[in-house]
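Reminder, nothing fancy here: chain letters follow the sequence lines and each chain counts from 1. Just so it is clear, the model here is predicted, and its values are computed rather than measured.
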Amino acid sequence: MTSNSCCHPSSAFIDFLDVGGTMTISQEIANLTEDSGQDLPEENVQIGSIQGTVVGLRYYTGTVNRGEMVSLVRQPQNPYDRNAVMVANVYGSQVGHIKKELAAPMAYIMDNNLARVEGVVPYGETNKFSMPVNLTFWGKEENRDAVHNQIRRHGFKLGTEFKGSLICLFALKNAFDKLFDDLMEDKTREMEPAEVVCTSLLPHQKQALSWMTSRENSNDLPPFWEEKSGLYFNVLTNFAVKERPEKVLGGILADDMGLGKTLTTIALIASNFHNGKPLPLEQSVRSRRSSSTCKMKSTSKGKKSDQFEQHIRADVTLKVYLYYGAERIRSVKLLSEQDVVLTTYNVLSSDFGNKANSPLHKVNWLRVVLDEGHVIRNPNALQSKAVLELQSERRWILSGTPIQNSLKDLYMLMSFLKLKPFDVKEWWSRIIQRPVTMGDRVGLKNLQVLVKGITLRRTKNSKVAGRMLVQLPERRVFVQHVTLSEEEREEYEQVRKEGRKVIGRYFEEGTIMTNYADVLAILVRLRQYCCHPGLVGKYTGADDPGTPSELRERLINKITLVLNSGSDEECAICLDSLRQPVITYCAHVYCRPCICEVIRSEKQARCPLCRAQIKTKELVEYPGEEMQAGAATGENWRSSSKVDALMSNLLKLRNEDPTVKSLVVSQFTRFMDLIEVPLREYGFSFTRLDGSMAQKTRAKAIQDFQDSSPGSPTIMLLSLKAGGVGINLTAASHVFMMDPAWNPAAEDQCVDRCHRLGQSRDVVITKFIVKDSVEENMVKIQKKKQELVDKAFGVKKPQDLKQARMEEIRALMEI
DNA sequence: ACCGCCGGGTGCC
DNA sequence: ACCGCCGGGTGCC
C-alpha cells in the first residue's frame, strides 16, 4: 500500500436539468434521427473517393486490420514535406504516411477545409512497406468541384461511385450477436444493500444496485472488446489494439426522475465500499480502511449530504465533506481522507480553471458520480472539460434524460465514461453519429447496442414482474382565473399602452433584437403588475447612455430584469442556462466564460447577437439578488387580487385540514417577500427557499418543511428556479403557481419536487392566471409550444429562435 | 561514353 | 521491395 495521498477517495455527484419522460430507449434513439440534421449541417455529402498508398509502415508501430478505419492527420511541421499527411489507427498510433504525390492535393484540401478525409484499409494490412488505403472525401456540396479539381491537377482522379464499406458488414453480424446477448443479459437480478443502509430499497432499486455493483467489480474487458491472440478487438468496429483498453467500470443510470437514482447510488457507495466489500458497521474496522469517496453535485439543488444522513445508519460515521463555498479547504490530503466528497459543477470548473489549485483533479477517486450528468453536454464548456479530467476507474452518470437533444450529448457521455474508441470525436462520428444521421440501419443498431450495454433505464411506466415500479398518487391541475380590481386594471392598461408603443416602434425600426433587454423589461413589468403592483420597479428606458456610472446602473437593472424574469434565458453562445451571467454594453447577457472566450478568440470582438464591439473590461456582472431594493413590505403594504386569491385558498385549505402543506411558487422573489406579509398576518407558519440562499440555509428550510410535527411550517415560499432537481418536498400536497413560466417544463419540474416517490396524498396544483393579460397570452404560447413538442419532439433550431421570439413578443403584446 | 546497359545499394514524409 | 530509383561501373560483336 503506497502512502500516496491520492489513493482512493470515492464518489462524485453532479446535477442536471431533468425532464421526465416515458419513452423507452429505442424510441429515444429513433427520435434522434429526426433532429440530428442540426448536428452535421451539410457536411454529410460524399464528394468522392480514391485509392491511395500508406507508406513508411516499417518506421511506425501502429497496426491495422483488414477493413479497419484509419484517420488522416496533417503534419504541416514535417521537416521533409510540409504537405505530409499522417495515417493513424483508431488508437491514435501512427501507421505511416500518405505517399507524397497524393499528400500534396490532400494537404491543400484538408488545410482549406474543403473536405474531411476518411480512410479504410481494404487489404494488404500485413504488408511490410506500404499498404493501400481507400480515401473518402466528405464535405459541403459547394466544395465538390474544388476538391475534384485539386486532385485532378495533381494527376489523380476522384471516383464518385459509392463505396460500400466492408466494416459495416462485419459489424452487422457482430452487432446482431451482441444485441441478442443483451436481450439475454438480465438486469433484473436484485442485490440487498449493505446493512448500513437504513432505508429499504424497492425492487427496481435493488436491481439497479446489482447491475451497478456488477459493472464496478467486473474484471471483464469493456463492452464490445474481446481478446484474440494477444490483441484486443472491438467487435463493433473490428479495431484491434495491442494495449488492453482501459476498464469502463461504470455507466449511465438513466432512470426516470423520482425512481430513486440518488438512493441507489448511496446504496452503491455503501455496499461496494472498498475492494468489493460493503461499508462495515464496526468503527474499528473502518478506521483501517484506506479508501475515501468523492461525489459531485450541482449548485443550488437539493442536499445530497442530507440524503446520506437520511439513508445511512446514524451509528455509522461516513465521512462526508461538502467541497463548496468560499470556505472550502483546497487540500488533496483532506479530500483523500473522506468517504464521500460532494461538490458542484461550478466549484469543479472554477477550481479547474485555476489549474494549479484543483485538489479535485489531483485525487484518484474510487468512483466519480455525475448527478444530473447531462449538464456536461456541451463539449466546449469549461465544466465539461473539468469533468472529463477527473480521475477514476468507476465513472457514473445519473440522468433522467441521457439522450436529451442529440447524439452529441451522448458523445460527451461516452467521452466521460472513456468508452473507447467512442471517446474520440472522429470515431464517434464515423462509427455512430454519421451513419445514424444518414439513416444507416447498422449504425442505428450499433448505437442501440452501445447504449444498452452501459445504460440502465426504467421509466415510471416500467414494470417489475408485471407491477408498476412506483405508483404515484394523482396529480391534478386547476387554473384559477384572477380578475384584476378596477384600480389594478387601470394601472395595468396604462403600462401596457406604453409598452406597446415602445415595442411597436422597435418592430417598425426592426430593432427588436438589439433592444431585447428593453422588451423583456416591459414584459416583466406587465407580469409583475399581474402579481402585485408593488413589484414593479422604476422603468429605465432605452435613452442615451449618459455617464458611465449611469450606464452601469442601467445595465445592472437590465441584467437583473433578465435574470429575474424567470424566462430561463439561455446564453446564446453555449445555448445552456446562464452561468456567471454578465451583460455587455450593448445589453446582451451571456455566461462570463463564454463571452470571454469569444473576446479572446477574436481580434475585433463583436457581440454575437448584435455585432456591437465588446471588451472584457466592459462586461457588467450581475450583482446578485441582495442588491435589489426591498419591496414595500412595511406599513404601506397593500394586497393584490392575486394575493387575495392565494390567501383565500390557503385559509380554506387550513380550515379543511390544518395538516395540509403547500408550496407557493413564484418566479419573483420580491413577490414572495410581499406574500410573507399576509401569511404572517393570518398566523401561518412558513418557510422559504430561493436562489439567493446559501446551501446550508436551504437545507434547513427543506428540513423544517419536511418535518411533520405540529407547529412545523405548512407553507413553503419557493422560487421557481430554486425548485430544481433533487429537492424532496413530499410534505406538500398542494402547489400554488403564482405566475406562469415561459417554460412549462420548469413548472412541471417544480411540481415534481412533491409529486414523487414518498408522496402519499394526491397532489393538487393551482395556477393563478390573470384574465385578459400577458399571463393569458403566455399560457396560449405555452400550449402552442407543447403541441409542437408533441408533434416534432422538441426540435430546437437556433436559426428559428430569433423569429420565434419575435412572434412571441407580438403575441404577448397583442401587436 | 556529354550515351545505354548492368547490377548492387537502397527505400516515408 | 519478387518493386522503382539512384548512381557507380562499364562499354562491339
Side-chain angles (χ1 to χ4, degrees), chain A residues 43 46-139 143-144 146-160 163 165-167 229-234 237-243 420-421 423-431:
Chain A
E43 305 274 334
Q46 202 190 103
I47 288 178
S49 55
I50 186 171
Q51 187 167 104
T53 311
V54 188
V55 294
L57 303 187
R58 62 171 154 157
Y59 301 101
Y60 308 101
T61 52
T63 58
V64 287
N65 271 0
R66 172 171 299 207
E68 183 168 330
M69 297 175 180
V70 289
S71 66
L72 291 309
V73 184
R74 281 280 290 122
Q75 279 185 334
Q77 304 300 334
N78 189 300
Y80 303 95
D81 182 359
R82 58 189 179 81
N83 290 326
V85 176
M86 176 184 103
V87 178
N89 68 11
V90 74
Y91 233 62
S93 317
Q94 180 162 7
V95 178
H97 281 103
I98 294 293
K99 215 162 142 52
K100 60 178 180 299
E101 290 79 4
L102 188 56
M106 275 178 71
Y108 179 85
I109 289 164
M110 293 168 85
D111 294 347
N112 291 290
N113 270 325
L114 296 176
R116 278 183 308 114
V117 192
E118 298 184 351
V120 175
V121 173
Y123 56 88
E125 70 281 0
T126 54
N127 292 1
K128 274 197 180 116
F129 305 101
S130 69
M131 61 172 72
V133 57
N134 288 331
L135 300 168
T136 310
F137 293 70
W138 299 82
N143 293 335
R144 178 183 293 274
V147 172
H148 276 264
N149 289 340
Q150 173 66 9
I151 296 281
R152 200 175 315 121
R153 258 201 295 282
H154 287 259
F156 300 97
K157 180 146 174 35
L158 215 51
T160 47
K163 283 225 165 87
S165 81
L166 200 55
I167 187 110
S229 53
L231 287 176
Y232 297 94
F233 279 84
N234 187 300
T237 61
N238 213 30
F239 293 140
V241 287
K242 275 189 264 182
E243 304 83 0
K420 307 211 179 275
D423 57 337
V424 173
K425 184 75 202 205
E426 175 178 357
W427 304 115
W428 169 256
S429 295
R430 284 179 66 175
I431 301 164

* Asked: Is the closest basic N to carboxylate O distance between A:R116 and A:E118 below 4.0 Å?
  -> yes
In Å and rounded to the nearest 0.5 Å, what is the [atom1] to [atom2] distance from [X] to [Y]?
{"X": "A:N234", "Y": "A:I431", "atom1": "CG", "atom2": "CD1", "answer": "7.0 Å"}
{"X": "A:T63", "Y": "A:M131", "atom1": "OG1", "atom2": "CE", "answer": "8.5 Å"}
{"X": "A:M69", "Y": "A:T136", "atom1": "CE", "atom2": "OG1", "answer": "9.5 Å"}
{"X": "A:I151", "Y": "A:F156", "atom1": "CD1", "atom2": "CZ", "answer": "8.0 Å"}

* Asked: Expressed in whole Å, how much space separates the C1' atoms belonging to B:dG11 and C:dG4?
  -> 10 Å
* Asked: Between B:dC5 and B:dA1, how far is it from one C1' atom to the other, in whole Å?
  -> 12 Å
* Does some side-chain heavy atom of A:Q51 sit less than 4.5 Å from a side-chain heavy atom of A:V133? -> no
* Check side chain to side chain contact (heavy atoms under 4.5 Å, CB included) between A:A115 and all other residues, then give those that pass, not counting sequence neighbours. => A:I47, A:I109, A:F137, A:V147
* To do: In whole angstrom, give the distance that lies between atom NZ of A:K128 and atom C1' of C:dA1.
  => 10 Å
What's touching nucleotides 3-5 of chain C from the protein side, N or O pairs under 3.5 Å?
none

* Heavy atoms only: give me the nearest A:V95-A:N89 pair and the separation to one decimal. => CG2-N, 3.7 Å
* **Taking every non-hydrogen atom, the tightest pair across A:M106 and A:L135** => SD-CD1, 3.7 Å
* To do: Tell me the partner of C:dC12, counting only Watson-Crick (N1-N3 plus N6-O4 or O6-N4) or G-U wobble (N1-O2 and O6-N3) with both under 3.5 Å; none if nothing fits.
  => none
* Would you jot down, in residue-number order, the residues of residues 97-110 of chain A having a non-hydrogen atom under 4.0 Å from DNA chain B? => A:H97, A:I98, A:K99, A:K100
* To do: Could you tell me whether the phosphate oxygens of B:dC12, OP1 or OP2, come under 4.0 Å of any side-chain nitrogen or oxygen in A:Y59?
  => yes
* Asked: OP1 or OP2 of B:dC12 less than 4.0 angstrom from a side-chain nitrogen or oxygen of A:R58, does that happen here?
  -> yes
* Asked: So, do A:F129 and B:dG11 meet the stacking rule of ring centres under 5.5 Å and planes under 30°?
  -> no
* Using a heavy-atom cut-off of under 4.0 Å over every strand shown, decide if A:D81 touches base, sugar-phosphate, or nothing. => sugar-phosphate
